[in-house]
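What follows is one structure encoded as structure tokens, with my remarks underneath.
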Number of protein chains: 2
Amino acid sequence: MDTRDQLIDSTRELLWERGYVGTSPKAIQQHAGAGQGSMYHHFSGKRELALEAVQRSADELLAAAEAQLRTPGTAVERITAYLRREREVLRGCPIGRLTQDPGIVADPELRAPVDETLTRLRARLAEVLDEGRATGELPAGLDTTALAATVVAVLQGGYVLARAANAPEPFDQAVSGILSLLTAF
Amino acid sequence: MDTRDQLIDSTRELLWERGYVGTSPKAIQQHAGAGQGSMYHHFSGKRELALEAVQRSADELLAAAEAQLRTPGTAVERITAYLRREREVLRGCPIGRLTQDPGIVADPELRAPVDETLTRLRARLAEVLDEGRATGELPAGLDTTALAATVVAVLQGGYVLARAANAPEPFDQAVSGILSLLTAF
DNA sequence: GTCTATACTTGGATAGAC
DNA sequence: GTCTATCCAAGTATAGAC
């Protein structure tokens, strides 16, 4: 990995851990093992670095979701696989956490990939639910758009609860709760 | 309201909007219309101000929830009232947002009221669900602890989705989704 | 209690040498 | 491409006058 990539990767880590306002250029340089001049040679500054970093994390998140959702099985099985997959719960969601950052939401170009990622994720989950509805696994009248938003919200909110408690249990409980309702059909 | 209270109140507003790492003593002073010396006379610094501010917001959140949950009606009706109540969705949750702040979670004394608030909220919702289960409104086998976590997670995650989209719709969808499942019993 | 002055650190970036 | 020097604003706090 070259210096440029290391800088982006370090930015991703720090954005995940400390957010945009909490991440300084100096911290990025130290994490990447790069000097001041090196960073400003490759990037115009913190913002440009963040743009690349956020985009990469966004792509990765959607790819990871797709890996669970495209497996064989019923709609509920695939959603279960997605919700139950191994996660670093206490670190939170690298994309969702950015929504709490004033430096991100105030900047349309930085917010855009965050918005797009969560919107696409909901759309993809709605597709899976649609398939379940089509096969009769799920009831015909189900509002799949709403339920897809609920599923993503349970994840994002589960992270919030786990971080507050400094323990993963509330996350697991929230997931169990929604799955018990979904498997009741 | 005296100067001391104004400082706490300003801190609450700024913590809500910008988080702990994003809020400077100077910003607090300006928002409160108080001078430097005044602030440091009443408080040892930003951290002490935050301790008081977070505690007040926590108390207020629990009181607001209780206002909806103690109304007459079935369990699902009361939870519906709670979820559907008027909210400043795009501002997010003044307590939940703090879980994304490294300055809060890294400090046990600052994290404690956040943890306690969300834990109590889940416990209170579980009580309401227990009552519904006792009256036969909800099924006997229901895991009320898990479902309470789900309900709070939908709220917290709904805020995340709404802030990402810069629009309240995803929040409303997430709430609709969980309520449609709850009213299916 | 509040004000102003002062101090030191960090944030964020530019300039020019190598 | 990377390094060091430099710069100015902001963050966070202390000191002492009023």
Side-chain angles (χ1 to χ4, degrees), chain A residues 1-56 97-98 100-111, chain B residues 1-56 97-98 100-111:
Chain A
M1 203 165 52
D2 64 7
T3 300
R4 191 188 142 82
D5 277 332
Q6 292 216 24
L7 284 164
I8 295 174
D9 223 61
S10 294
T11 305
R12 289 179 62 191
E13 289 293 312
L14 289 167
L15 284 181
W16 192 357
E17 196 176 315
R18 308 196 40 90
Y20 186 76
V21 304
T23 297
S24 68
K26 181 169 305 193
I28 293 169
Q29 293 150 206
Q30 288 173 342
H31 189 283
Q36 188 101 327
S38 185
M39 187 193 115
Y40 283 102
H41 170 72
H42 291 290
F43 301 92
S44 65
K46 164 178 163 174
R47 180 170 178 276
E48 204 188 38
L49 253 168
L51 281 169
E52 283 233 40
V54 172
Q55 192 56 61
R56 286 205 193 177
R97 79 97 64 225
L98 301 175
Q100 304 304 319
D101 200 303
I104 299 281
V105 291
D107 184 329
E109 288 195 72
L110 281 170
R111 186 176 60 77
Chain B
M1 205 164 52
D2 64 7
T3 300
R4 190 189 143 82
D5 277 332
Q6 294 217 24
L7 284 164
I8 294 173
D9 223 60
S10 294
T11 304
R12 290 179 60 190
E13 289 294 313
L14 290 167
L15 284 182
W16 192 358
E17 197 175 315
R18 310 199 36 93
Y20 186 75
V21 305
T23 297
S24 68
K26 182 170 304 192
I28 293 170
Q29 291 150 208
Q30 287 172 343
H31 189 283
Q36 189 101 324
S38 185
M39 188 195 113
Y40 283 102
H41 170 72
H42 291 289
F43 301 92
S44 65
K46 166 178 162 174
R47 180 169 179 277
E48 202 187 40
L49 254 167
L51 280 169
E52 283 235 38
V54 172
Q55 191 56 60
R56 285 204 194 179
R97 78 99 61 229
L98 300 176
Q100 304 305 319
D101 199 304
I104 299 281
V105 292
D107 185 329
E109 286 194 73
L110 281 170
R111 187 176 59 78

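Sequence lines set the chain letters: A, B, ... in the order given, protein chains first and strands last, and positions in each chain run from 1.
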For DNA chain C, what residues of residues 18-41 of chain A have any heavy atom nearer than 4.0 Å? A:Thr23, A:Ser24, A:Pro25, A:Gln36, A:Tyr40
Stems for DNA chain D (at least 3 consecutive Watson-Crick or G-U pairs, under 3.5 Å) come to C:1-18 with D:1-18
So side chain to side chain donor-acceptor pair (under 3.5 Å) across residues 33-43 of chain A, not counting sequence neighbours, yields A:Gln29-A:Gln36
Please give me the minimum heavy-atom distance between A:Ala32 and A:Gln6, naming the atom from each residue. O-OE1, 3.3 Å
Name the first nucleotide and the last nucleotide along DNA chain D (5' to 3') that come under 4.0 Å of a heavy atom in chain B. D:dG11 to D:dT14
Under the side chain to side chain donor-acceptor pair (under 3.5 Å) rule, collect the residues that match up with A:Asp107, sequence neighbours excluded. A:Arg47
Going by side chain to side chain donor-acceptor pair (under 3.5 Å), name the pairs with one or both residues in residues 14-24 of chain A, residues two or more places apart or in two chains. none
Can you name the side chain to side chain donor-acceptor pair (under 3.5 Å) partners of A:Ser10, sequence neighbours left out? A:His31
Got a second to check how far B:Lys26's NZ is from B:Met39's CE, nearest 0.5 Å? 11.5 Å
Side chains of residues 48-56 of chain A: which donor-acceptor partners sit under 3.5 Å, not counting sequence neighbours?
from    : atom 1 : to      : atom 2 : distance (Å)
A:Glu48 : OE1    : A:Ser44 : N      : 2.8
A:Glu52 : OE2    : A:Arg4  : NH2    : 2.1
A:Gln55 : NE2    : A:Asp59 : OD1    : 3.1
A:Arg56 : NH1    : A:Asp5  : OD1    : 3.3
A:Arg56 : NH2    : A:Asp5  : OD1    : 2.9

Nearest 0.5 angstrom please: A:Leu14 CG to A:Asp9 CG, how far? 10.5 Å
With rounding to the nearest 0.5 angstrom, report the CG to CD1 distance, B:Leu15 to B:Ile28. 7.0 Å
Results of side chain to side chain donor-acceptor pair (under 3.5 Å) for B:Arg12 - residues two or more places apart only: B:Ser57, B:Glu60
Spacing between A:Leu49 atom CG and C:dA13 atom C1', to the nearest angstrom: 13 Å
